[in-house]
Amino acid sequence: MGKVVLRLAPFPSGSLHIGNARGLFVNQEYRQRYRGKFFLVFDDTVGSEEKRPVPESYDLILQDMAAAGIQPDAIYYKSDRLELYYRDLPRLLDLGAAYVCTCPAELLRKNREAGVACPERSRETPWQRDQWAGMLGGRYAPGEAVVRIKTDMGHPNPAFRDRVLFRISDFHHPRVGTRYRVWPMLEYAFAIDDVELGITHVIRGKELIIEDMMEEALWRALGLRGPAFLHWGLLRIRETKISKSKSYQDVKSGAYDGWADPRTWSLSSLSRRGIRPQAIRDFVLSFGLSQSDIEVPAETLYAENRRLLDPTTPRRAFVPRPRRLRVEGMPGDLRVARLANHPERPEMGEREVEISDAFFLPEADLLKNAGKEIRLKDLLNVQLPPQVPPSEGVEADGEAGAEVIATFTTRPNKPLPRIQWVAAKGATHIDVFTLEDPHLLGMGEASLSSSREGQLFQFERFGFVRADPQPEDPEQPRRFIFAHP
RNA sequence: GCUCCUGUAGUCUAGUGGUCAAGGAUAGAGGCCUCUCGAGCCUUUGACGCGGGUUCAAAUCCCGCCAGGAGCACCA
């Protein structure tokens, strides 16, 4: 068996998204299985008006890959390889496999649709050569001349009729500026690179099938042998539209908190939420290489991650939208509560929480259980007053509504609604970033204020979270990013 | 419209002619818990798109139909 060489070729327009992750992990899987090589090829030709390379995304993509624990065997930039792309074109012209076309874009499109060939298609080689030299030499402005492959103007699929191989662009490129004006289309650049880099298998989404067929047409013309293609269908997470350009706008405008904003669903945002690369890997690999298009609920990804986190993640108390509760008749000896860090793993130890008669509880739970007896989880049972008037606009510190007065009943565990609580004494302000609410405020137990960046917790009856970096201003609430229930 | 692709439970997937009265995951339902009823654990409901054919035998092979999807840029 020959050596397997793979490539991932992202367009640098932001952090990798969950869709790119499929390419990343599938290729990585094949690299490992066949002890092959895996190259990162930045697909950074100039793009178009709507789709331009974004300077900072080169680093973002590198970081995403590092975070996923995947080290490419080599990194290439298409923008470094223009001369290489220019090299083989004259031969294509000589072979009569390509030609320079100066039809305006609009006419070109119309003729293609009608199956009408451009008169320049059949011009002789010296003329074509001269025109190519003219394109490189500045004879034409953007839009005035392109190189087209000669396939078949009568092909039943208009998409196959003499596609454009090179065009002129004056866009400023983040890496090479305006050094080049004549840029290859993706399919031409890859036709050269895939052979040049010795790629054996291209595994990617089926949206590029036509481009892959164009590569094959070019190899036939040049007498080259290229890699085999494998495709998968489109993957969508139900909860989101995967659109890098939309995310890019919100990141750029500041509406989003950078590429690590959970709403981008970028790889960096998933990592910020505490979603493990391993979970993402298992998730995308579970779909195999089917060409059907699938839409999967994020819950499936969460389930993978939960399986990884649950056994080792310490539990903590957090009360979203809190309301202050005072317990009358607290047993006098109750000064300290000892709480297990994990209900099933005593070896993870316990923590001590100082308590008084003042607590924070989720207002929603107080409203729901008004007049009933409830259990403050792991602590004691209380009777709630018959009426709990809702506070208007719950404040983050639970001080908005009037204090709710409950009465102590008993200590031992009983089958009551078990509600999480935070002791008012030493409670710390928490600000949780969820998909629905970028600032879900609440109160957490004291120890949370000193958690280090990257620490994972399960907030009981709330979900798994990951600690953001310590805020510079200690008065600011501690920030956690919500992963999933 | 054209080209290509795909059809297994609500969703995703295993399955390559017999071991499939179809396996797993997730969701749903029910239950358990000296303490998360939004976690965990247990149980459970639920599928081969339709119609023909080939064969002793079909989810698997063939044909037709139907239904979905993707692509159809001087973007990637």
Side-chain angles (χ1 to χ4, degrees), chain A residues 9-13 43-53 78 101-106 108-109 112-113 140 142-148 155-161 163-169 171 182-187 189-190 204-213 231-236 238 244-245 282-288 290-304 306-307 309-311 313 315-318 339-340 342-344 362 375-381 412-420 458-464 484-485:
Chain A
F11 182 66
S13 68
D43 193 11
D44 64 338
T45 49
V46 270
S48 64
E49 194 74 58
E50 313 83 61
K51 217 175 219 174
R52 312 281 304 277
K78 277 191 181 173
C101 169
T102 55
C103 299
E106 188 54 36
L108 190 159
R109 194 176 317 128
R112 171 148 52 206
E113 220 160 276
Y140 296 104
E144 287 182 354
V146 295
V147 177
R148 299 174 70 183
H155 196 284
N157 186 353
F160 288 120
R161 293 174 194 161
R163 289 172 72 92
V164 170
L165 259 24
F166 279 90
R167 87 291 197 180
I168 298 168
S169 169
F171 286 146
V182 178
W183 286 87
M185 304 296 285
L186 161 152
E187 49 265 53
F190 272 128
R204 61 169 164 193
K206 71 175 186 184
E207 67 275 13
L208 260 17
I209 284 183
I210 288 182
E211 286 70 13
D212 293 345
M213 293 169 96
H231 303 101
W232 59 71
L234 256 57
L235 164 63
R236 257 191 61 192
R238 182 164 304 157
K244 273 214 283 197
S245 34
D282 293 347
F283 175 68
V284 296
L285 254 30
S286 76
F287 306 126
S290 150
Q291 276 202 44
S292 24
D293 305 303
I294 54 175
E295 185 179 274
V296 185
E299 178 54 41
T300 311
L301 170 62
Y302 298 160
E304 297 283 359
R306 194 150 48 218
R307 200 192 335 276
L309 298 196
D310 186 65
T313 305
R315 273 51 175 170
R316 289 291 185 271
F318 162 71
L339 304 170
H342 194 291
E344 273 135 38
R375 178 163 180 80
L376 306 198
K377 187 175 175 294
D378 298 306
L379 193 67
L380 47 73
N381 309 313
N413 184 31
K414 283 207 283 185
L416 297 171
R418 292 183 269 249
I419 312 297
Q420 84 276 27
Q458 190 207 48
F459 286 170
E460 287 182 317
R461 299 217 314 137
F462 183 78
F464 292 87
H484 49 75

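Letters A, B, ... mirror the listed sequences (proteins, then strands); counts begin at 1. Nothing here was measured: the structure is a model prediction, and the numbers come from that model.
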Checklist entry - Is there a side chain to side chain contact (heavy atoms under 4.5 Å, CB included) between A:E144 and A:I168 once you walk through the steps? => result CA-CA 8 Å; A:E144 287 182 354; A:I168 298 168; 5.7 Å; no
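Ranking B:U6, B:C2, B:U36 by closeness to the A:P343 side chain, first place goes to B:U36. Residue A:Q291 has its side chain nearest to B:U6 when only B:A70, B:C74, B:U6 are considered. For A:R315, the listed nucleotide lying nearest its side chain is B:A39; candidates were B:C5, B:C75, B:A39. Of the candidate nucleotides B:U36, B:C74, B:A70, B:A70 has the atom nearest to the side chain of A:E207.
Atom NE2 in A:H484 sits roughly 13 Å away from atom C1' in B:G38 (whole-Å rounding). A:D378 places its CG atom 12 Å from the P atom of B:U34, with the value rounded to the nearest Å. The nearest whole Å value for the distance from the CG atom in A:N413 to the C1' atom in B:C37 is 13 Å. Atom P of nucleotide B:U11 and atom CD1 of A:I294 are separated by 12 Å, given to the nearest angstrom. Atom CG of A:D310 and atom P of B:C41 are 7 Å apart (whole Å). Atom CD in A:E344 sits about 5 Å away from atom C1' in B:G40, given to the nearest Å. Atom P of nucleotide B:C74 and atom OH of A:Y140 are separated by 18 Å, given to the nearest angstrom. One interatomic measurement links the two molecules: CG of A:L235 to P of B:U6, which rounds to 18 Å at whole-angstrom precision.
Side-chain N/O atoms of A:E211 and base N/O atoms of B:A76 include a donor-acceptor pair closer than 3.5 Å. In the interface, the side chain of A:E295 is not paired with the base of B:U11 through any donor and acceptor atom under 3.5 Å apart.
In this structure, A:R204 does not reach the B:A70 phosphate: none of its side-chain N or O atoms is under 4.0 Å from OP1 or OP2. Within the structure, a side-chain polar atom (N or O) of A:R167 is placed less than 4.0 Å from OP1 or OP2 of B:C75. When the side-chain nitrogen and oxygen atoms of A:R418 are compared with OP1 and OP2 of B:U36, one or more of them lie within a distance under 4.0 Å.
The residue among A:I419 and A:N157 whose nearest nucleotide of RNA chain B lies closer to the 5′ end is A:N157. Both A:L186 and A:L234 sit near RNA chain B, but only A:L234 has its closest nucleotide nearer the 5' end.
In this structure, A:G143 reaches the bases: a heavy-atom distance under 4.0 Å links it to at least one base atom across the strands shown. Using a 4.0 Å heavy-atom criterion, one finds that A:F160 contacts the sugar-phosphate atoms exclusively. Within the nucleic acid shown, A:L208 comes within 4.0 Å of at least one base atom, counting heavy atoms only. Counting any heavy atom pair closer than 4.0 Å across all strands shown, A:C101 reaches no nucleic acid atom. Within the 4.0 angstrom heavy-atom criterion, base atoms lie near A:P104. Across all strands shown, A:V146 has heavy atoms under 4.0 Å from base atoms, whether or not it also approaches the sugar-phosphate. Among the atoms of the strands shown, none is found under 4.0 Å from any heavy atom of A:S169. Residue A:M185 is in sugar-phosphate contact alone, with no base atom involved, counting any heavy-atom pair closer than 4.0 Å across all strands shown. Within the 4.0 angstrom heavy-atom criterion, no nucleotide atom of any strand lies near A:P417. Here A:R112 lies in heavy-atom contact (under 4.0 Å) with sugar-phosphate atoms only. Contacts of A:Q458 with the nucleic acid, taken as non-hydrogen atoms under 4.0 Å apart, include base atoms.
Using C1' as the reference atom, B:C2 and B:G49 are 25 Å apart when rounded to the nearest Å. Look at the C1' atom in both B:U8 and B:C4: the space between them is 23 Å, to the nearest Å. With P as the reference atom, B:U45 and B:A22 are 11 Å apart, rounded to whole Å. Nucleotides B:A58 and B:G38, compared at atom C1', are 45 Å apart to the nearest Å. One P atom belongs to B:G7, the other to B:G15, and the distance between them is 12 Å to the nearest Å. Only the C1' atoms considered, B:U3 is 26 Å distant from B:C61, to the nearest whole Å. Rounded to a whole angstrom, the distance from the P atom of B:A59 to that of B:A21 is 9 Å. Remark: the separation of the P atoms in B:U16 and B:C20 is 11 Å, to the nearest Å.
You'll find the side chain of A:R315 stays beyond 4.5 Å of the side chain of A:L339, heavy atoms only. Counting heavy atoms from C-beta outward, A:F287 and A:V296 have side chains that approach closer than 4.5 Å. Residues A:R52 and A:F171 are in side-chain contact: their nearest non-hydrogen atoms beyond the backbone lie under 4.5 Å apart. Inter-residue side-chain proximity for A:N413 and A:R375 is flagged as met; some heavy-atom pair is nearer than 4.5 Å. A:V146 is listed as a side-chain neighbour of A:R148, based on a closest heavy-atom distance under 4.5 Å. In this structure the side chain of A:R461 reaches within 4.5 angstrom of the side chain of A:I419, judged on heavy atoms. In this structure, A:Q458 and A:L309 have side chains that are not in contact, with every pair of non-hydrogen atoms separated by 4.5 Å or more.
Ion pair A:D43/A:K78 flagged as a salt bridge, since at least one NZ, NE, NH1 or NH2 atom sits closer than 4.0 Å to an Asp/Glu carboxylate oxygen. Using a 4.0 Å cut-off between a side-chain N of Lys or Arg and a carboxylate O of Asp or Glu, A:R204 and A:D212 qualify as a salt bridge. Ionic pairing of A:R238 and A:E299 is not present here: no N-O contact between side-chain nitrogen and carboxylate oxygen is shorter than 4.0 angstrom.
Ring planes of A:F462 and A:F318: perpendicular class, angle over 60° (limits at 30 and 60°).
In this structure, A:R112 contributes its side chain and A:R161 its backbone to a donor-acceptor pair below 3.5 Å.
For RNA chain B, the stems formed by at least three consecutive Watson-Crick or G-U pairs, with both atom-pair distances below 3.5 Å, span B:1-7 with B:66-72, B:10-13 with B:23-26, B:28-32 with B:40-44, B:49-53 with B:61-65.
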Please write out the pairs of protein N or O atoms and N or O atoms of nucleotides 24-26 of chain B separated by less than 3.5 Å, giving the distance to one decimal.
none

